[in-house]
Amino acid sequence: MIALLQHKPVIPLAALLLANLLLLSVQVRNPESRLLIRSWSLFAFTPFASMVHFVIDGISGGVTRYALLYRAQQENAQLHAENARLGVELAQLRGIDALLSNRVENGSLQKRQFLFDTYLAPVIWKSAPFYAHRLVVNGGTRQGMHKDDAVIVPEGIVGRVWTTTPFTAEVELITNDGAAAGAMLEDSRLQGVIQGDGSDTLRWDFIPNYESVEVGDIVYTSGTDRMYPKGYPIGKVVQSQKGLAVYRDIRVKPFVDYLRLEEIMVVVSN
Amino acid sequence: MKQTVRSFEVVALLALTAVTESLFANYLPVALYLDLPLIFTLYVGWYSSPPRGAACGMGFGLLQDAISGIYLGLNGLTKTLMGFGASYLSKWLLMEGLVARSVLIGVLSLADDLMVVGIRALLGQTIQLEIWLKILFGIPVTGVAGGIFFFIYDRFKFPEKDFSQI
């Protein structure tokens, strides 16, 4: 057998290439199988990422906590200011909430879609942006995360949970090729579908040519995808022109800088 | 001394790939222009039989796919071919010079990236501008880094010199 392999090395090559092709075909043709394989690979390789994250965080945390302790007072002052600002914003939101509850007949139903719990998870690794727009976070099913849970940060939406293991989860960013979310305009409530294509901006589809969408308009989630909470910011329109067919060509620049994400929030119940 | 790469070295290089790629991905994304799994694939393939080079290349490729978050088997397929090809190239080419090796690794990096782009296009994925930038910057970066890696690792592995005749 070994002699055969040495004299005819093309046979093992063909076998290995076939194995790779089978692996690819399973993932491409069957989304459910893809999920399983990604979970296994995630389970096998995340210990390395967790280890690197633990070591780097330990070193930088040690330096920050002990060697650079003199910055703590300054940070404390900043946090106080931030806390005060957030308190004001919370009060404003409560006021709006109360207004909505009074004006809308079914107020409790309206309110429910704005109420959700989140789990804060640190990012432990990111895909190279030229390959895929994904990242892995330190939190999984043990923390209540599930596939297709929305992932957000205070600035806007990040994406959705793609695959989970008990302790880690892979997140597909909204900018990834094929990712999508229901979106609407702030003022006119015009609705369409926002889609990623692998670039750093998003495509807003299904907006008819006769509708008015201006550069600078803010786009929010519409909640129609039943994944992202309604009314959460997505980004700002940076290009809007009439398309060749029925729909406008609109590009949206997300508010979130995905390259600099260090922590994300997973919406664990809605 | 017979020039070969032992199994424990392959395992160590796989572990090093996992750690460095995780480190680069999260803390130094610009370093991802360097195709470290390709360099290790070519090194192992260079000093191995074609079937072993192909098998190790597949291992490095699958690891890269898992870390990059793309279809498993994409880099696995191309690096299988690279490991296999490197083994044959070592029989046909005499590449002792640093520059010659760097150029060869740069060319193979281009071939590997073009295969990945081709397969992604066949699978119906969007080919973004960033991929072409990665290829453009990746050729010299991977070529030079690969040449240096081959040079240093060779000196580390095969340091024996007979000075008794001098």
Side-chain angles (χ1 to χ4, degrees), chain A residues 2 5-6 8-17 19-28 34 37-38 40-42 44-53 55-56 123-136 162-163 170-172 176-178 196-200 259 262, chain B residues 15 17-27 29 31-33 49-55 57-58 61-81 83-85 87-88 113 116 119-120 122-135 138:
Chain A
I2 292 170
L5 291 180
Q6 282 174 344
K8 290 192 183 301
V10 177
I11 295 173
L13 175 69
L16 292 173
L17 290 178
N20 277 300
L21 283 173
L22 283 173
L23 202 56
L24 278 170
S25 65
V26 165
Q27 297 166 83
V28 174
R34 174 180 59 186
I37 288 171
R38 293 284 331 155
W40 291 343
S41 68
L42 198 64
F45 299 119
T46 40
F48 289 101
S50 298
M51 186 181 68
V52 169
H53 183 72
V55 171
I56 297 286
V123 176
I124 58 174
W125 104 45
K126 294 168 191 159
S127 298
F130 40 79
Y131 277 137
H133 292 223
R134 292 197 187 145
L135 47 87
V136 176
W162 178 255
T163 314
E170 189 173 20
V171 174
E172 182 191 42
N176 194 43
D177 190 19
D197 59 5
S199 68
D200 58 353
L259 286 176
E262 291 180 2
Chain B
T17 305
V19 171
T20 50
E21 292 287 298
S22 304
L23 193 68
F24 291 164
N26 213 19
Y27 299 100
L32 287 169
Y33 288 117
S49 64
R52 190 165 181 261
M58 183 176 166
L62 288 178
L63 183 64
Q64 192 177 13
D65 290 332
I67 291 172
S68 303
I70 51 179
Y71 288 131
L72 289 172
L74 198 57
N75 276 294
L77 193 109
T78 62
K79 294 218 167 27
T80 303
L81 286 169
F84 188 81
S87 181
Y88 272 104
D113 283 336
V116 170
I119 296 169
R120 289 185 70 166
L122 282 173
L123 294 176
Q125 291 196 301
T126 312
I127 308 298
Q128 310 95 336
L129 179 68
E130 285 87 350
I131 291 179
W132 300 112
L133 286 176
K134 189 263 172 188
I135 293 174

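All of these numbers come straight from a predicted model, not from anything done at the bench. No hydrogens, no waters, no symmetry mates; every other heavy atom, side chains included, goes into these values.
By number of non-hydrogen pairs under 4.5 angstrom with chain A, the leading residue of B:Ala18, B:Pro50, B:Ala15 is B:Ala18. When the candidates A:Ile124, A:Val123, A:Asp200 are compared by the number of heavy-atom contacts under 4.5 Å with chain B, A:Ile124 comes out ahead.
Only the side chain of B:Arg120 has a heavy atom closer than 4.5 Å to any heavy atom of chain A. Proximity to chain B is absent for every atom of A:Leu135, based on heavy atoms less than 4.5 angstrom apart. Interface remark: B:Thr80 contributes backbone and side-chain atoms alike to the contact with chain A (heavy atom separation under 4.5 Å).
Looking only at distances, a side-chain donor or acceptor of B:Thr78 sits under 3.5 Å from a matching main-chain atom of B:Asn75.
Results of the side-chain contact (heavy atoms from CB on, under 4.5 Å) test with B:Val116 over B:Leu74, B:Ile135, B:Asp65 single out B:Leu74 as the only residue that passes.
Shown here are the side chain to side chain donor-acceptor pair (under 3.5 Å) partners of A:Asp177, two or more places apart in sequence or in another chain: B:Thr126.
Closest non-hydrogen pair, A:Leu13 versus B:Ala54, comes out as CD1-CB, 4.1 Å.
The closest side-chain heavy-atom distance from A:Asn20 to A:Leu24 is not below 4.5 Å.
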